[in-house]
Amino acid sequence: MNSRLVNIYRFLLERYGKQGWWPLIQHRRQNPLVKESDRGYHPENYDLPSCHDEIYEICLGAILTQNTGWTQVEVALNNLFQLNNLKPDLMQKAEIEVIKEAIKPAGYFNQKAKKIKIFTEYFVGLGLGCDKIPTRDELLSIWGVGPETADSMLLYAFKVPTFVVDAYTMRIFTNLNFIRENATYNEVKRLFEENLPKDLVIYQEYHALIVEHSKRFYRRGSDYRNCPIYQKRIKDEI
DNA sequence: AACCAGGACGTGA
DNA sequence: TCACGTCATGGT
């Protein structure tokens, strides 16, 4: 079991390359050398986020992308950037109706605006240095932050090696028969964390690669047997 | 033109 | 605990 998850990781990495998650719109804005087509992705740069506002941007992105495609989140983030440069203290002062209008393209704007407001209060409370890294339970206690959002914030914003599970992860690994149909979030999370070296880069890339792979082979309604990993498993090659 | 997207919450059993 | 409805815009 152990080496299988590692083998799948190697397979995905070789096939798709380094993913450069989490995308950051302000990093691109501030670096003319970064190509527009990169859309905020930054392969092989694991130093990001490099400042307080970038940490905050990732957290907002994690909320905005709940059950929503990233292209729509990008629009919402750019709207927010135009509003107040994605600065937490300015977001605090912003009218919630203005926030709603800005994030409308990302859907669920009533809920998400409220979530952003509540989270921003918490985030400002962490202080500018961000030396206090939130715990998972702290994040989970915030209204609007569930397990995937909390883990995404920890892994990509706060650089804590904790594995992110999402609907795609469930689909792939039930299809590959690694987990049962009704496995819980924490069961799946544990499966990965117990069978992978506890390494920030691996955790970051693995989740990103799972999303990339799933967009190609695990869309709803598609035949999961077309998945090349599934094919290799059939032939007992992985 | 239905159907889905990098979920979370509230409710009732 | 668990299953199900709700939230909402914009892609294919």
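The shown structure was predicted, so the numbers you read here are calculated from the model rather than taken from an experiment. Naming: A, B, ... by sequence-line order, numbering from 1 per chain.
Among the protein residues, A/A167 comes within range of the sugar-phosphate backbone only, with heavy atoms under 4.0 Å from sugar or phosphate atoms but none that close to a base. Heavy atoms of A/E148 sit under 4.0 angstrom from primed sugar atoms or phosphate atoms, though from no base atom. Across all strands shown, A/G146 has heavy atoms under 4.0 Å from sugar-phosphate atoms exclusively, and none from any base. Across all strands shown, A/V145 has heavy atoms under 4.0 Å from sugar-phosphate atoms exclusively, and none from any base. Here A/Y41 lies in heavy-atom contact (under 4.0 Å) with a base.
The distance from atom CH2 of A/W70 to atom P of B/dG7 is 12 Å, rounded to the nearest whole Å. For the pair A/F119 CZ and B/dA8 C1', the interatomic distance rounds to 15 Å; values are reported in whole Å. The NZ atom of A/K114 sits 11 Å away from the C1' atom of B/dG10 (whole-angstrom rounding). If you take CD of A/E74 and C1' of C/dT9, they are 16 Å apart, rounded to a whole angstrom. Summarising the geometry, the separation between CE on A/M170 and P on B/dG6 is reported as 16 Å, rounded to the nearest angstrom. The CG-P distance, from A/L140 to B/dG7, rounds to 16 Å in whole Å. Spacing between atom CG of A/L77 and atom P of B/dG6 amounts to 15 Å, rounded to whole angstrom units. One interatomic measurement links the two molecules: OH of A/Y185 to C1' of B/dG6, which rounds to 11 Å at whole-angstrom precision.
Put simply, A/N67 has no side-chain N or O that comes within less than 4.0 Å of OP1 or OP2 on C/dC7. Taking 4.0 angstrom as the limit, A/R219 places none of its side-chain polar atoms (N or O) nearer than this to OP1 or OP2 of B/dA5. Applying the 4.0 Å criterion to OP1 and OP2 of B/dA8, one finds that A/T149 has a side-chain N or O inside that range. Checking the phosphate oxygens (OP1, OP2) of C/dG11, no side-chain nitrogen or oxygen of A/R220 falls inside 4.0 Å. At least one side-chain nitrogen or oxygen of A/W143 sits closer than 4.0 Å to the OP1 or OP2 atom of B/dG10.
Aromatic stacking is marked for A/W21 over B/dG6, as both cut-offs hold: 5.5 Å for the centres and 30° for the planes. Under the stacking definition used here (centres under 5.5 Å, planes under 30°), the residue A/Y168 fails to qualify as stacked on the base of B/dG6.
Both the sub-6.0 Å distance and the 45° axial angle are satisfied by A/K104 relative to the ring of A/F109.
With both ends at atom P, the span from C/dA3 to B/dG6 equals 24 Å, rounded to whole Å. Between B/dC9 and C/dG10, the two P atoms lie 24 Å apart (nearest whole Å).
With hydrogens and angles left out, the side chain of A/Y218 and the base of B/dG6 share no donor-acceptor pair within 3.5 Å.
Map A/K115 and A/Q72 each onto its nearest nucleotide of DNA chain B; the residue landing nearer the 5' end is A/Q72.
Remark: C/dG10 base-pairs with B/dC4. Criterion, Watson-Crick or G-U wobble with two distances under 3.5 Å.
Salt-bridge formation is detected for the pair A/K100/A/E97: a Lys NZ or Arg NE/NH1/NH2 atom is positioned less than 4.0 Å from an Asp or Glu carboxylate oxygen. Under the 4.0 Å criterion applied to side-chain N and carboxylate O atoms, A/R225 and A/D223 are assigned as salt-bridge partners. The pair A/R216-A/E212 meets the salt-bridge criterion, with a side-chain N (NZ, NE, NH1 or NH2) lying under 4.0 Å from an Asp/Glu carboxylate O.
Within the 6.0 Å centre-distance limit, the rings of A/Y206 and A/Y9 are counted as a close aromatic pair. Under the 6.0 Å cut-off for aromatic ring centres, A/Y224 and A/F217 do not qualify, their centroids lying 6.0 Å or more apart.
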